[in-house]
Amino acid sequence: MLNSTAAQIAADITALPQRTTATVRKVRRQHSRALRTADAAFVIGLARDLLARDSREGRSGLRWVAYELIRNHKPAFASLNDALLEELGQGMHSWDTVDDFSRTLSGPAWLHGMASDALIHRWAASKDLWWRRAALVSTVGLNMRSYGGAGDTPRTMAICEMLAADREDMVQKALSWALRELVWHDPAAVQSFLDTHDQHLAARVKREVRAKLTTGLKNPRRKPSVPSPLGTDKGR
DNA sequence: CTCAGTGCCCTTTCGAGAAT
DNA sequence: ATTCTCGAAAGGGCACTGAG
């Protein structure tokens, strides 16, 4: 039963005339609807099946769909815990697989109390850069309004502190993201972090976070699109 | 030559409002 | 209550600059 559901989802996606975020998500929505009455264990099992297929066939689309199916099934999402989250994240190998996992599952799970602080801290200390990035992106879930995040300075800062001096580009970008998301709730704490870690932070992090603090944007436009009296902009 | 730092590009997502 | 719409802003990538 499980296998056939996973096979059906994979087939539906393969059959799409063109595979885009929108078209794949539409397929996912249809299956979420059909799974409304399924129990948590079934949906988790289905996700496992999809993840196995994904790594076997190298199709990251299925990984993403697996995560979204759990996120959009209340009992399945509520059944998440440390061990399950870590299992579901196995095999993350790129920025997008990490972001799918962290923004869809681990961040929201942390926010709602199904993931422990210890778990996220363990990820932040991992030798694997993708798990370190997952720890940072998970804090985005604590602070993003659309996820119900009300702002969590202590838990966000704890992870940022651990990775302030990380040299991996993918980790630095995520650190920048985590800090900028907290700016909405606690700009003073973010500014203080920049001051404290000025010597160790990557230039990119400093620049983007400083820009966010002062202009509200990560990459402020060179000129606030003033109608350009003399055609000076438009450079490459 | 190498590499940190920067500016800007392309695609997707956010977020608020309108429409159903 | 959803779903749709659309401008703004997010994501990472990459070419370019210049210091060493």
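Proteins come first, then strands; the chains are lettered A, B, ... in the order of their sequence lines, and each starts at number 1.
- Of the candidate nucleotides B:dT13, C:dG11, C:dG13, B:dT13 has the atom lying nearest to any side-chain atom of A:Arg25.
- In summary, the side chains of A:Thr214 and A:Arg210 do not present any donor paired with an acceptor at a separation below 3.5 Å, with no hydrogens or angles considered.
- To the nearest angstrom, P of B:dT13 lies 7 Å from CH2 of A:Trp64.
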What's touching nucleotides 2-6 of chain B from the protein side, N or O pairs under 3.5 Å?
from	atom 1	to	atom 2	distance (Å)
B:dT6	OP2	A:Arg207	NE	3.4

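- To the nearest angstrom, P of C:dT3 lies 12 Å from CD of A:Gln30.
- Side-chain atoms of A:Trp110 and A:Asp117 include a donor-acceptor pair closer than 3.5 Å.
- Salt bridge annotation for A:Arg204-A:Glu208: present, with a cationic side-chain nitrogen under 4.0 angstrom from a carboxylate oxygen.
- Ranking C:dT3, C:dA10, B:dC14 by closeness to the A:Leu217 side chain, first place goes to C:dA10.
- Between the side chains of A:Asp152 and A:His185, not a single donor N or O lies within less than 3.5 Å of an accepting N or O.
- We find that NZ of A:Lys173 is positioned 13 Å from C1' of B:dG7, with the value rounded to whole Å.
- In this structure, the nucleotide among B:dG15, C:dA9, C:dG11 sitting nearest to the side chain of A:Asp99 is C:dG11.
- When rounded to the nearest whole Å, the span between CZ of A:Arg180 and P of C:dA8 equals 19 Å.
- Atom CH2 of A:Trp95 and atom C1' of C:dG12 are 5 Å apart (whole Å).
- Side-chain atoms of A:Arg103 lie closest to B:dT13 of the nucleotides C:dA9, B:dT13, C:dG11.
- Surrounding NE2 of A:His200 are at most 12 heavy atoms belonging to other residues, nucleotides or ligands under 6.0 Å away.
- Contact annotation: A:Lys218 reaches the phosphate of C:dG11 (side-chain N/O to OP1 or OP2, under 4.0 Å).
- In this structure, A:Leu175 places its CG atom 12 Å from P of C:dG11, rounding to the nearest Å.
- Counting only N and O atoms by type, the side chains of A:Ser94 and A:Thr97 include a donor and acceptor under 3.5 Å apart.
- In this structure, A:Glu181 places its CD atom 14 Å from P of C:dA9, rounding to the nearest Å.
- Centroid-to-centroid, the aromatic rings of A:His197 and A:Phe193 come within less than 6.0 Å.
- Dashed line: the shortest gap from a side-chain N or O of A:Trp177 to OP1 or OP2 of C:dA10 is not under 4.0 Å.
- Across the protein-nucleic acid pair, A:Asp100 atom CG and C:dG11 atom P stand 15 Å apart, rounded to whole Å.
- Considering only side-chain N and O atoms, A:Lys212 lies under 4.0 angstrom from the phosphate OP1 or OP2 of C:dA10.
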